[in-house]
Amino acid sequence: MYNLLKGKKGIIFGALDSKSIAWKVAERAHEEGATFVLTNAPVALRLGTISELAEKTGSKVIPADATSIMDLEHLVDQAMEILGGKIDFVLHSIGMSVNVRRGNHYTHQDYNFTKTGWDVSALSFHRVMSVLYQRNAMNEWGSIVALTYMAAQRVFPDYNDMADNKAYLESIARSFGYFFGRDHKVRVNTISQSPTPTTAGSGVKGFDGFIAYAEKMSPLGNATALECADYTISLFSDLTKKVTLQNLFHDGGFSNMGVSTAIMEDFMKNETSNEVVEEPKKKDKK
């Protein structure tokens with residue numbers, strides 16, 4: 001392709017199957033000349049098909065629970081040993097809500113489930129960066145990217161407690177990103193992606209309807225997983241060396257829309273079809 005990542009080394013979290021954005025990022029990073037290790041939680045490794053991706057990209061797979069500091073320390077140490085040096089890029093593509101899986105409404109959560117989802121989806125990002133920072137494992141001008149969603153800023157009722165998790169994730173990116181930039185010249189950003197039919201995303205209630213809505217709302221249409229991977233590659237490359245602390249919307253323009261003509265037309269059609277047409281009154285016979 002363009003050799004944008006030639007000679008760069010990285011860690012990619014969260015590739016589950018070929019629908020995963022992380023999977024697409026790994027494929028594109030390989031095409032752009034990077035070498036990297038793949039990682040996911042042991043249970044996810046059993047459920048997914050990451051071994052196929054590893055073989056395709058010539059990568060090693062290192063199991064790691066992102067809620068465990070010990071696992072993350074082992075991951076980073078092994079990655080540097082396998083790759084032969086410090087890391088240039090990291091993708092955090094991890095998210096999970098037990099409340100969503102169990103069908104618990106946002107107003108009636110199981111708070112133990114809430115804590116688990118927050119730990120996996122958000123606090124794990126702080127842990128990952130903390131280990132990288134403490135071990136001085138990142139090269140200067142390296143890049144760390146986490147995937148998020150604009151439910152962190154706006155209300156999407158069925159996104160449930162994942163909206164809170166994403167808000168916390170984005171705050172971590174800014175706060176930790178300051179220290180990583182100041183002390184090690186490392187960039188930290190989040191990408192707010194369009195609703196994407198990944199295995200995880202499809203588990204959100206009403207997802208099919210919402211992805212259709214977002215498609216009609218966005219002037220450029222929804223961004224695909226592959227297009228998100230391309231954008232991520234640009235943030236890993238040296239072309240974006242001064243981009244940091246940003247939440248970057250990659251959503252076909254959805255995030256700046258109020259309403260689109262397509263949505264208004266559908267709305268007016270529905271309004272018209274709901275109108276009750278009274279039959280004309282019969283004239284009384286004299």
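Everything quoted here is computed from the prediction, not taken from an experiment. Along the sequence shown, the residues carry numbers beginning at 1.
Between Asp183 and Tyr133 the shortest side-chain heavy-atom distance falls below 4.5 Å. A 4.5 Å side-chain heavy-atom check between Ser237 and Leu235 finds every atom pair outside the cut-off. Annotation: side chain of Gln78 is not in contact with side chain of Val37 (no heavy-atom distance under 4.5 Å). Between Leu132 and Val76 the shortest side-chain heavy-atom distance falls below 4.5 Å. You'll find the side chain of Ile11 reaches within 4.5 Å of the side chain of Thr39, heavy atoms only. With a 4.5 Å cut-off on side-chain heavy atoms, Met162 and Asn99 do not count as touching.
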### Task
Before giving the answer on side-chain contact (heavy atoms from CB on, under 4.5 Å), spell out for Asn189 and Leu245 the whole-Å C-alpha distance, their side-chain angles and the decisive distance to 0.1 Å.
CA-CA 5 Å; Asn189 296 288; Leu245 312 186; 5.6 Å; no
### Message
Please evaluate residues Ser59 and Thr57 with respect to the criterion side chain to side chain donor-acceptor pair (under 3.5 Å), reporting the C-alpha separation (whole Å), side-chain torsions for both, the decisive distance (0.1 Å), and the verdict.
### Response
CA-CA 5 Å; Ser59 305; Thr57 59; 2.7 Å; yes
### Task
Report the C-alpha distance between Thr67 and Asp65 in whole Å, list the side-chain angles of each, state the deciding distance to 0.1 Å, and finish with yes or no for side chain to side chain donor-acceptor pair (under 3.5 Å).
CA-CA 5 Å; Thr67 67; Asp65 178 351; 2.7 Å; yes
### Message
Between Asp71 and His74, is the side-chain contact (heavy atoms from CB on, under 4.5 Å) condition met? List the steps.
### Response
CA-CA 5 Å; Asp71 276 18; His74 177 261; 5.8 Å; no
### Query
Which is it for Phe156 and Phe210 under the ring pair (Phe, Tyr, Trp, His ring centres under 6.0 Å) test, yes or no, and what are the steps along the way?
CA-CA 10 Å; Phe156 294 86; Phe210 181 65; 5.2 Å; yes
### Query
Can you list the steps and then say if Lys8 with Asp238 is a salt bridge (Lys or Arg N to Asp or Glu O under 4.0 Å)?
CA-CA 10 Å; Lys8 293 190 180 295; Asp238 291 335; 3.1 Å; yes
### Message
Assess the residue pair Ile87 and Val90 against the criterion (side-chain contact (heavy atoms from CB on, under 4.5 Å)); give the C-alpha distance rounded to whole Å, side-chain angles, the decisive distance to 0.1 Å, and a yes or no.
### Response
CA-CA 8 Å; Ile87 307 302; Val90 175; 3.9 Å; yes
### Query
How far apart are the C-alpha atoms of Phe236 and Leu4, what are their side-chain angles, what is the distance that settles it, and do they pass the side-chain contact (heavy atoms from CB on, under 4.5 Å) test?
CA-CA 8 Å; Phe236 288 164; Leu4 289 176; over 6 Å; no
### Task
In sequence, state the C-alpha distance, the side-chain angles, and the governing distance for Arg135 and Glu73, and then conclude on salt bridge (Lys or Arg N to Asp or Glu O under 4.0 Å).
CA-CA 8 Å; Arg135 276 171 152 62; Glu73 288 174 342; 3.7 Å; yes
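The backbone N or O of Asn222 sits less than 3.5 Å from a side-chain atom of Glu215, completing a donor-acceptor pair. With hydrogens and angles disregarded, no donor-acceptor distance shorter than 3.5 Å links the side chain of Ser143 to the backbone of Arg187. For Ser121 (side chain) and Met96 (main-chain N/O), a donor-acceptor pair under 3.5 Å exists by modelled atom type. A donor-acceptor pair under 3.5 Å is formed between the side chain of Thr116 and the backbone N or O of Asn112. With hydrogens and angles ignored, the 3.5 Å screen pairs a side-chain donor or acceptor of Gln193 with a backbone N or O of Ala223. Gln246 places a side-chain N or O within 3.5 Å of a backbone atom of Thr244 that can act as its donor or acceptor partner. Between the side chain of Glu227 and the main chain of Thr224, a donor-acceptor pair closer than 3.5 Å is present. Between the Asn104 side chain and the His108 main chain, no donor and acceptor come within less than 3.5 Å of each other. Between the side chain of Gln109 and the backbone N or O of Tyr106, at least one donor-acceptor pair lies under 3.5 Å. Remark: side-chain polar atoms of Ser20 are paired, donor with acceptor, to backbone N or O of Leu16 under 3.5 angstrom.
Under the 30°/60° scheme for interplanar angles, the aromatic rings of Phe36 and His30 are found to stand perpendicular. Ring pair Tyr213/Phe254 is perpendicular by interplanar angle, where above 60° counts as perpendicular and below 30° as parallel. Using cut-offs of 30° and 60° on the angle between ring planes, the pair Phe176 and Phe180 is tilted.
Placement of Ile263 and Met150 within a single hydrophobic cluster is found when ILVMFWY residues are connected by side-chain heavy-atom separations under 4.5 Å, directly or transitively. Under a hydrophobic-cluster definition in which Ile, Leu, Val, Met, Phe, Trp and Tyr are linked whenever side-chain heavy atoms come within less than 4.5 Å, directly or via other members, Phe13 and Val61 are assigned to different clusters. Ile82 and Ile12 end up in different hydrophobic clusters when Ile, Leu, Val, Met, Phe, Trp and Tyr side chains are linked at under 4.5 Å. Taking hydrophobic clusters as Ile, Leu, Val, Met, Phe, Trp and Tyr residues chained together by side-chain heavy-atom distances below 4.5 Å, Phe125 shares a cluster with Val186. There is a path of hydrophobic side-chain contacts, each under 4.5 Å, that joins Ile21 to Leu5.
Taken from CE in Met257 to CE in Met217, the straight-line distance is 6.0 Å, to the nearest 0.5 Å. Annotation: the span from Ile144 atom CD1 to Thr190 atom OG1 amounts to 12.5 Å, rounded to 0.5 Å. A distance of 7.5 Å separates OG in Ser124 from CD1 in Ile172, rounded to the nearest 0.5 Å. Of the inter-residue distances, the one linking Leu226 atom CG with Glu27 atom CD reads 8.0 Å to the nearest 0.5 angstrom. Taking CD1 of Ile94 as the start and CG of Leu169 as the end, the distance is 9.5 Å to the nearest 0.5 Å. The distance from atom CG of Asn160 to atom OG1 of Thr114, rounded to the nearest 0.5 Å, is 8.0 Å.
Look at Asp119 and Arg127 and you find a salt bridge, because one of the NZ, NE, NH1 or NH2 atoms lies within 4.0 Å of a carboxylate O, short of that distance. A salt bridge is defined here as a Lys NZ or Arg NE, NH1 or NH2 lying under 4.0 Å from an Asp or Glu carboxylate O, and Arg102 with Asp110 fails to meet this definition. Classification of Glu32 and Arg28 as a salt-bridged pair holds, one side-chain N sitting under 4.0 Å from a carboxylate O.
Pairing each heavy atom of Ala225 with each of Lys19, the nearest pair is CB-O, 4.3 Å. Here the shortest heavy-atom pairing between Tyr149 and Ser192 reads C-OG, 3.4 Å. Here the shortest heavy-atom pairing between Leu53 and Ala26 reads CD2-CB, 3.8 Å. Between Trp23 and Thr49, the shortest heavy-atom contact is CH2-O, 3.2 Å. Ser234 and Thr240 make their closest contact through O-OG1, 2.8 Å (heavy atoms, listed as atom of the first residue, atom of the second, distance). Across all non-hydrogen atoms, the minimal contact from Ala137 to Met80 is CB-SD, 3.8 Å.
In Lys60, the NZ atom is not crowded: 12 or fewer heavy atoms of neighbouring residues, nucleotides or ligands sit closer than 6.0 Å.
Exactly one residue among Gln153, Lys166, Glu170 makes a side chain to side chain donor-acceptor pair (under 3.5 Å) with Thr148. That residue is Glu170.
In this structure, a donor-acceptor pair under 3.5 Å is present between the side chains of Asn139 and Asp88.
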